[in-house]
Amino acid sequence: MTDKTLIELSGQQTQMIVELGEYAEILHWGQKVSGDLEGFRMALHRPVPYGRLDNDVSMTLHPELGRGVFSSPGVEGHRDGQDWAPVFVITHQELHEEGVVIESEDVIAGLRLKTELKLDKNDVIKTRHTLTNIKDGVYQVNRLANTLPLPARANELMTYYGRWVYEFQTVRQPLYQGGYQQENRRGRTSHEHYPALVAGTAHFDEMSGDVWGFHFAWSGNHRLRVDVKADGRRYMQAEVIYLPGEVALKEGESVATPWLYASHSNSGLNGMSHHFHSHVRDTILPSDFKDKPRPIHLNTWEGIYFDHDPEYIMSMATQSAEMGVERFIIDDGWFKGRNGDKAGLGDWFLCETKYPNGLQPVVEHVNKLGMEFGLWFEPEMINKDSDLFRAHPEWLLAVDGYNQPTGRNQYVINLQNDEAFNFLFERLDHFLSTYNIAYIKWDMNREVVQPAHQGQAAAHNQTHRYYQLVDKVREKHPKVDIESCAAGGGRIDFEVLKRTHRFWASDNNDALERQTIQRGMSYFFPPEVMGSHIGASHCHSTRRRHSIEFRGLTALFGHMGIELDPVKEAQAEKQGFERYIQLHKKLRPLLHSGRTWRVTADDCAHQIHAVVANDQSEAVVLIAQLAMPTNSLSGHLRVPGLDPNGLYRVSVLDKPSNYDDIVNYQPPWTESGCELSGTWCKDVGLTMPILDAESAMLVTFERIR
Ligand code: GLA
């Protein structure tokens, strides 16, 4: 015990105590406590029961079978059947302001492991391993995982599931012996297995409980697990799923895991989100445009689909500018052979039949109207019905001799093929250099099946090559905003966000569905990176109809846009778009910098969402009525996060058009406003109004003293 040292990493609220000897072990990760480290060591050492190994077995940052850890190992691999059970011993450690870098070696197995563990001022931990082969011969890496411990009182989970047009659904479950595992083998982050989860103490909720949130920053195949060991200890593990033979290290070669991000909060899910949101804002988002307000989009997709006529598109742009739109985006359908979703992908040349005078007049028209211009691409994809495929059938990401299934009639291009990679870069570069393009929507509409380069499995490297392609484009065109889209929410994670600016959260513009999708996304992402559009009143993905108020207020709480054909819309609808555009412009400085609070409602038919200014001077609260109220009276609206000693003016900023017609009368505060202290707002609150199902209301709080 004495040859071990204790180090302490601290954030504002979080503390991590790590013991370093032959190996590193996290003894405590949770709320910061003051005291003597030696005392902590005595307090935290374990007994050794009969009936198992004679020594205490530590939970290292990479469980090792050779140390008697009967858990999912951190490293699995072999060198021609040898060197398969490595045991690493620390050779060097360096303590930095934000964390520790530990180097360990197994001289027998000929492996070196570098472990980085950091804790920042936003209370977010990030960790990764880099494994190097330091001996003769090829080391086949089967697995390389990041592992973080959880205390025994973490006995409940919140995990994610979903699908196309139904992303970011959350589910709660107890954490039993045996634990939890999710695997994503779809080759992109995926709609189904968003790479994050939360573990916490029993019944943790938005406001209370200890929670430990995890986000694995990787846009490909992954495995996440939370294991309860037979002795009751538990840990979270995240890794890339390597396909057979995919990672083979020659002497001197290395492979690194993605970063695993994690954060503890002792004030429930809101506290955890505050850590992640601040971390994303300070550290992950590209810094280029941090101070620029996020422009309101008009995206043509659900307005005209593949039916492009430049004259008509220019009239759409004119109407958009009149409504206050700031960025006009031509979506899919502008390039050669693209008259539907069966052909054209790969032929990134302007369709001269649709655009006989070129794209320039449209771009100029848009710019003259004072708007930025944006364009859609899906670089990684190819249709068999394309000139590109006819010229280069060998560019498919596939195993020769098999017929893999199509997805949306398309295949994936092998980005490990340099010619293909350079062609795609050249095409993107051409458009970005020729036209005044401020933004591109980077789509990826299918899953990856049997990915191979020269016959060998290549999912892992394909993801790296995708990052490199985006990086190369950004290096040459640093002023261009990029939206990550993969049939909506199929590629949303922290690693993509380091090189893009926003996400298309879902292809589903139905305001009711969006309420749930956006809430699920809000646990890890701040609102400004969440693309959120007002669609047509008759939603294209669900066939539901919603009022402009409900659609407008739902889209307001992200990076707002409109997605329809404004030329064809009725006057009343257009006035609605204008109204919510103005409202978004007014509120976006607050929405895109403040603190998000998911507010606990007395009735589960409501979803309440608040954003409070960092200086607590104002707040905006959305009351969304998702379903019929359970009772005729719905309790109170209580808003956390305001200055307890401040006095606030409460006013209704927006409400359904039938608001006064559906009751004898509504709560008086919703008519004339009122003044209340921050403490009152948090602890007692205001009587809830009566709303129809699928409608919403916006309330503001302004500090007057
Ligand atoms: C995907 C995107 C949509 C749209 C279409 C175009 O589905 O998510 O927003 O861009 O592709 O084909």
Side-chain angles (χ1 to χ4, degrees), residues 162-168 186-192 194 219 297-308 313 316 327-348 351 354 373-383 385-386 406-413 428 431 437 439-448 466 481-493 496 500-510 513-514 517-518 521 529-536 539-542 555 558-565:
R163 64 174 169 86
W164 176 64
V165 296
Y166 194 59
E167 296 85 348
F168 289 106
R186 292 166 187 266
R188 58 182 178 188
T189 318
S190 91
H191 302 76
E192 287 77 5
Y194 168 63
S219 316
H297 284 193
L298 184 299
N299 181 296
T300 58
W301 178 239
E302 291 196 354
I304 54 170
Y305 292 105
F306 297 101
D307 192 6
H308 289 211
I313 287 177
M316 289 171 77
R327 182 184 275 165
F328 186 85
I329 296 128
I330 297 191
D331 207 281
D332 195 358
W334 57 267
F335 50 96
K336 196 160 175 255
R338 191 67 171 166
N339 299 316
D341 67 9
K342 291 196 169 43
L345 287 176
D347 294 344
W348 302 108
C351 174
K354 288 181 188 171
F373 179 78
L375 200 57
W376 180 92
F377 288 91
E378 196 179 0
E380 296 140 89
M381 296 293 153
I382 186 164
N383 285 118
D385 187 358
S386 67
T406 50
R408 209 190 185 203
N409 312 300
Q410 64 202 48
Y411 294 87
V412 185
I413 293 179
L428 285 155
F431 280 95
I437 294 176
Y439 151 102
I440 59 175
K441 181 171 166 188
W442 188 307
D443 216 332
M444 199 257 196
N445 275 307
R446 69 154 287 176
E447 291 154 335
V448 180
Y466 154 69
D481 261 18
I482 302 180
E483 171 157 25
S484 169
C485 173
R491 192 152 62 187
I492 298 183
D493 61 75
V496 178
T500 57
H501 303 80
R502 72 167 225 167
F503 296 115
W504 185 222
S506 176
D507 273 352
N508 196 339
N509 286 327
D510 177 316
E513 299 300 332
R514 272 291 183 138
I517 293 167
Q518 295 181 182
M521 189 167 167
V529 304
M530 184 171 65
S532 157
H533 292 175
I534 302 179
C539 172
H540 293 199
S541 6
T542 61
H559 174 183
M560 198 173 110
I562 313 267
E563 186 163 334
L564 39 74
D565 176 0

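Indexing begins at 1, ligand by ligand and atom by atom, following the structure's order.
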Pair V529, H559 - check side-chain contact (heavy atoms from CB on, under 4.5 Å), show working. CA-CA 6 Å; V529 304; H559 174 183; over 6 Å; no
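- Y466 does not carry R188 over the face of its six-membered ring by the limits of under 6.0 Å from the centre and within 45° of the normal.
- Shown in contact with K441 at under 4.0 Å from a heavy atom are these atoms of ligand 1, numbered in order with element: 3 (C), 4 (C), 9 (O), 10 (O).
- The N/O atoms of A486, backbone and side chain alike, include none that comes under 3.5 Å of an N/O atom in ligand 1.
- Among protein heavy atoms, atom 2 (C) of ligand 1 sits closest to D443 OD2, 3.0 Å.
- For the ligand labelled ligand 1, residue E563 lies outside the 4.0 Å heavy-atom shell.
- Relative to atom 3 (C) of ligand 1, the option among D332, D507, D341 with the closest non-hydrogen atom is D507.
- Listed by number with element, the atoms of ligand 1 under 4.0 angstrom from any heavy atom of C485 are 2 (C), 8 (O).
- Paired with W334 under the rule ring pair (Phe, Tyr, Trp, His ring centres under 6.0 Å), one option of F373, F431, F306 passes, and it is F431.
- Neither the backbone nor the side chain of E483 has any atom closer than 4.0 Å to an atom of ligand 1 (non-hydrogen atoms only).
- Just one of L564, I562, N509 meets the side chain to side chain contact (heavy atoms under 4.5 Å, CB included) condition when paired with E302; it is N509.
- With a 4.0 Å cut-off on non-hydrogen atoms, N299 does not touch ligand 1 at all.
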Applying salt bridge (charged side-chain N to carboxylate O under 4.0 Å, His left out), run through D331 and K441 and close with a yes or a no. CA-CA 8 Å; D331 207 281; K441 181 171 166 188; 2.7 Å; yes
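- Remark: minimum distance from atom 5 (C) of ligand 1 to any protein heavy atom is reached at W301 CE2, 3.5 Å.
- Cation-pi geometry between R514 and W504 is met: under 6.0 angstrom from the ring centre, within 45 degrees of the axis.
- Crowding of K354 atom NZ: a count of heavy atoms from other residues, nucleotides or ligands under 6.0 Å exceeding 12.
- The closest approach between E378 and ligand 1 stays at or above 4.0 Å for every heavy atom of the residue.
- Among protein heavy atoms, the minimum distance from atom 4 (C) of ligand 1 is reached at D331 OD1, 3.4 Å.
- Aromatic ring pairs are classed by plane angle as parallel below 30°, tilted from 30° to 60° and perpendicular above 60°; the pair F377 and W348 is tilted.
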